[in-house]
Amino acid sequence: AAEYALSLHANHSPWPDSLAIINSSTSQKLSYSDFIERIESLTLYLQNVTQLRKNDTAFILCPNSIKVPILYFSLLSLGVVISPANPISTESEISHQISLSNPVIAFAISKTCHKLPKLKHGTILIDSPEFDSIITMSPAATTARQDLEKVTVSQSDLAAIMYSSGTTGKVKGVMLTHRNLMAVIAGYYPFKQERKSPTVMLYTVPYFHVFGFFYSFKSVALSETVVVMERFDLKKMLRAVEKFRVTHLAVAPPVVVAMAKSDLTDGYDLRSLETVGCGGAPLGKDVMKVFTDRFPTVDLWQGYGLTESTGVLSRSNSPEESRRWGSVGRLTACCEAKIVDADTGDALPPGKQGELWVRGSTIMKGYVGDPEANSTTMDPDGWLRTGDLCYIDGEGFLFVVDRLKELIKYKGYQVAPAELEQLLQSHPEIADAAVIPYPDEEAGQVPMAFVVKQPQSRINERGVMDFVAKQVAPYKKVRRVEFVSAIPKSPAGKILRKELRKMVLVPFPSSKM
Ligand code: ATP
């Protein structure tokens with residue numbers, strides 16, 4: 001997959017010597033030739049000095065930096081399986097991840113390395129001066145470069161073991177092959193626009209999440225210039241857009257919500273911005289409209305996918321498609337899809353809600369060491385059960401209602417928390433919101449909202465409940481409200497509902513409303 005992305009760049013780029021990558025905080029810049037030289041130097045070192053071999057696994061515990069894609073390209077070109085984890089993972093989370101992927105080496109930074117166990121080839125610190133000298137071409141290395149032994153990988157070989165976020169259960173190791181990664185990159189290639197200059201793409205999405213992971217290869221295949229941010233910070237992101245004339249943003253929903261609602265955006269020149277691509281978690285149509293009113297020249301589109309589908313299953317392909325409010329675009333050509341009745345497995349017609357099932361070239365090989373999860377998620381005919389309640393309209397646009405596991409069961413009804421969250425987020429005095437099921441003797445469960453107020457907002461519990469009640473059927477009414485300072489979220493922007501459940505300390509009496 002690394003070779004494939006590099007050859008797309010080398011053979012088809014109108015700008016082979018353009019900038020490959022920029023560090024947004026230090027402004028360090030690497031051209032494509034600098035970038036490729038660093039990949040080759042590191043590959044040589046890892047092959048000859050570290051003695052990494054095809055099918056070894058490398059565990060990566062690093063925040064975003066310009067060195068992470070260099071590392072990804074080097075490892076993949078050696079046939080080494082990449083296994084990146086969130087650098088804020090705890091020692092016990094890391095030990096579970098390591099028990100799944102069985103790595104021989106780790107790459108970390110000085111702040112994260114203490115959490116790692118001892119591995120066969122140890123840990124390499126990518127923020128050390130030694131690493132800088134490895135990746136910076138030396139004359140000795142230039143001669144030795146001829147010694148680089150070419151490694152052949154087949155499409156069915158593993159490229160990565162990614163960890164699912166664990167938002168709905170235990171963390172699983174998702175096995176992705178080179179074919180999966182090549183298919184996802186190939187899906188973007190037809191969209192290579194006739195541009196006068198390269199796309200300047202700023203990611204706030206982390207490289208350890210499947211979204212950032214596949215983007216690192218897709219960006220090289222399309223000869224994009226990538227501006228990397230270590231972590232999201234609205235002011236720093238806006239400053240970087242202005243400074244580096246960013247044309248495209250790749251973000252999770254909280255960034256779109258922040259841009260739609262914050263006055264900070266007024267202080268920056270954002271005229272270079274053409275597109276904002278958002279994915280990883282639901283984004284409400286009302287917030288999309290507020291965003292589009294504020295930034296009428298920016299095309300805001302949604303992409304939808306899972307770690308298990310190598311990141312992208314659907315996306316909007318044009319500004320007209322982006323205006324299909326609430327839709328996550330059309331399914332990519334890499335997969336076939338059907339909506340099924342989750343209980344019977346029967347396929348449903350367009351417009352009907354059911355579980356989305358997908359199969360095709362971007363679908364994972366399976367979960368590592370978890371036969372039970374494999375048999376519940378993968379159908380014997382190769383269909384992946386996404387666990388998402390969706391519908392596809394008559395023109396092929398996909399709409400995600402919510403995750404089946406997260407639906408609130410109120411009496412005999414099902415309530416989608418995402419619908420209530422999107423409604424709450426559309427309130428001008430509400431900065432952010434999340435909804436969880438709250439146990440109730442009479443109803444089974446009732447919707448409970450956690451609300452973050454906008455500064456100076458005077459909204460109270462009754463105001464929140466009345467706002468929702470006026471716009472939804474009675475069974476969907478919010479029946480308890482808690483004001484909080486922030487909603488806990490994953491790096492992909494997903495609400496961490498288990499953290500919210502821990503915050504509810506007082507038992508909720510039976511609902512009489
Ligand atoms: P775990 O399976 O361990 O709970 P996870 O599923 O949270 O982890 P991901 O693979 O990051 O890990 O999440 C995929 C899920 O994210 C999808 O199944 C869907 O529910 C949600 N999702 C992704 N993009 C969108 C989107 N644009 N709109 C709505 N939901 C989305």
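For the numbers below, each heavy atom of this structure counts, side chains included, while hydrogens, waters and symmetry mates do not.
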Stepwise side chain to side chain contact (heavy atoms under 4.5 Å, CB included) test for L19 and F35: CA-CA 9 Å; L19 284 181; F35 181 67; over 6 Å; no

Side chain to side chain donor-acceptor pair (under 3.5 Å) assessment of T310 paired with T362: CA-CA 6 Å; T310 326; T362 58; 5.0 Å; no

Stepwise side chain to side chain donor-acceptor pair (under 3.5 Å) test for S322 and D299: CA-CA 7 Å; S322 313; D299 180 25; 2.7 Å; yes

Side chain to side chain donor-acceptor pair (under 3.5 Å) between S25 and N23, worked out: CA-CA 6 Å; S25 45; N23 175 332; 3.1 Å; yes

Salt bridge (charged side-chain N to carboxylate O under 4.0 Å, His left out) evaluation trace for R179 with D157: CA-CA 8 Å; R179 176 187 295 116; D157 283 328; over 6 Å; no

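Atom CG of L116 and atom CD1 of I98 lie 5.5 Å apart (nearest 0.5 Å). H178 NE2 to L76 CG: the interatomic distance, rounded to the nearest 0.5 Å, is 5.0 Å. Taking CZ of R53 as the reference point, atom CG of L46 lies at 10.5 Å (rounded to 0.5 Å). Here the CD1 atom belonging to I161 is positioned 11.5 Å from the CD atom belonging to Q97, to the nearest 0.5 angstrom. Atoms SG and CG, from C390 and D402 in turn, are 9.5 Å apart once rounded to the nearest 0.5 Å. N86 contributes atom CG, which lies 8.0 Å from atom CD of E93 (distance to the nearest 0.5 angstrom).
Scanning for salt bridge (charged side-chain N to carboxylate O under 4.0 Å, His left out) contacts around E308 gives an empty result, with sequence neighbours left out.
Using a cutoff of 4.0 Å between basic side-chain nitrogens and carboxylate oxygens, K489 and D432 are scored as salt-bridged. Comment: R497 engages E421 in a salt bridge, judged by a side-chain N to carboxylate O separation of less than 4.0 angstrom. The pair D34-K29 does not count as a salt bridge, with every side-chain nitrogen at least 4.0 angstrom from each carboxylate oxygen.
Proximity of a side-chain donor or acceptor of S272 to a complementary backbone N or O of V246 within less than 3.5 Å is detected. Side-chain atoms of K54 do not come within 3.5 Å of backbone N or O of V151 as any donor-acceptor pair. Distance alone, capped at 3.5 Å, places no donor-acceptor pair between the T199 side chain and the M201 backbone. Between the side chain of S133 and the main chain of E130, a donor-acceptor pair closer than 3.5 Å is present. Under a 3.5 Å cut-off, the side chain of Y72 and the backbone N or O of Y207 do form a donor-acceptor pair. Looking at S101, its side chain never comes within 3.5 Å of a backbone N or O of S83 through a donor-acceptor pair. Proximity of a side-chain donor or acceptor of N374 to a complementary backbone N or O of Y367 within less than 3.5 Å is detected. Between the side chain of Q47 and the backbone N or O of T43 there is no donor-acceptor pair closer than 3.5 Å. With H248 contributing its side chain and G277 its backbone, the two residues share no donor-acceptor pair below 3.5 Å. The main-chain N or O of N102 is never found under 3.5 Å from a side-chain atom of T57 such that the two would form a donor-acceptor pair.
Of all the heavy atoms in P253 and A281, the pair that sits closest is CG-O, 3.2 Å. Scanning both residues, C113 and L125, for their nearest heavy atoms gives CB-CD2, 3.6 Å. Residues L398 and S327 approach most closely at O-OG, 3.1 Å, considering heavy atoms. When all heavy atoms of A431 and Q454 are compared, the pair lying nearest together is CB-OE1, 3.5 Å. A1 approaches M182 most closely through the heavy-atom pair CA-CG, 3.9 Å. Scanning all heavy atoms of the two residues, the minimum distance from L306 to Y304 falls at CD1-OH, 3.7 Å.
No side-chain heavy atom of R294 sits less than 4.5 Å from a side-chain heavy atom of K261. Contact check for F131 versus T136: no side-chain heavy atoms found under the 4.5 Å cut-off. You'll find the side chain of L42 reaches within 4.5 Å of the side chain of I70, heavy atoms only. For the pair M162 and L176, the minimum side-chain heavy-atom distance is below 4.5 Å. Annotation: side chain of R315 is not in contact with side chain of V328 (no heavy-atom distance under 4.5 Å).
Judged by distance alone, the side chains of H121 and T50 never bring a donor and an acceptor atom under 3.5 Å apart. Using modelled atom types and a 3.5 Å distance limit, the side chains of S219 and Y203 yield a donor-acceptor pair. A donor-acceptor pair shorter than 3.5 Å cannot be found between the side chains of S89 and Y163. For S316 and R324, the side-chain atoms include no donor-acceptor pair closer than 3.5 Å. At a cut-off of 3.5 Å, with distance as the only test, no side-chain donor of S24 or K243 sits close to an acceptor on the other residue.
Here side-chain hydrogen bond (donor to acceptor under 3.5 Å, both in side chains) pairs that include residues 107-118, with residues two or more places apart or in two chains, are S110-D127.
Residue E3 places its CD atom among 12 or fewer non-hydrogen atoms of other residues, nucleotides or ligands, all under 6.0 Å distant. Within a 6.0 Å radius of CD1 in I88, no more than 12 heavy atoms belonging to other residues, nucleotides or ligands are found. The neighbour count for K285 NZ, taken as heavy atoms of other residues, nucleotides or ligands under 6.0 Å away, does not exceed 12.
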Under 3.5 Å, side-chain donor or acceptor atoms of residues 230-241 against the rest of the protein: list the pairs with distances, not counting sequence neighbours.
{"residue": "D233", "atom": "OD1", "partner": "K235", "partner atom": "N", "Å": "3.2"}
{"residue": "D233", "atom": "OD1", "partner": "K236", "partner atom": "N", "Å": "2.9"}

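Between F73 and F217, the ring centre distance stays below 6.0 Å. Checked against the 6.0 Å centroid threshold, F208 and F213 do not count as a close aromatic pair.
For the pair K218 and F214, the NZ or CZ position fails the cation-pi test of under 6.0 Å to the six-membered ring centre and within 45 degrees of the ring normal.
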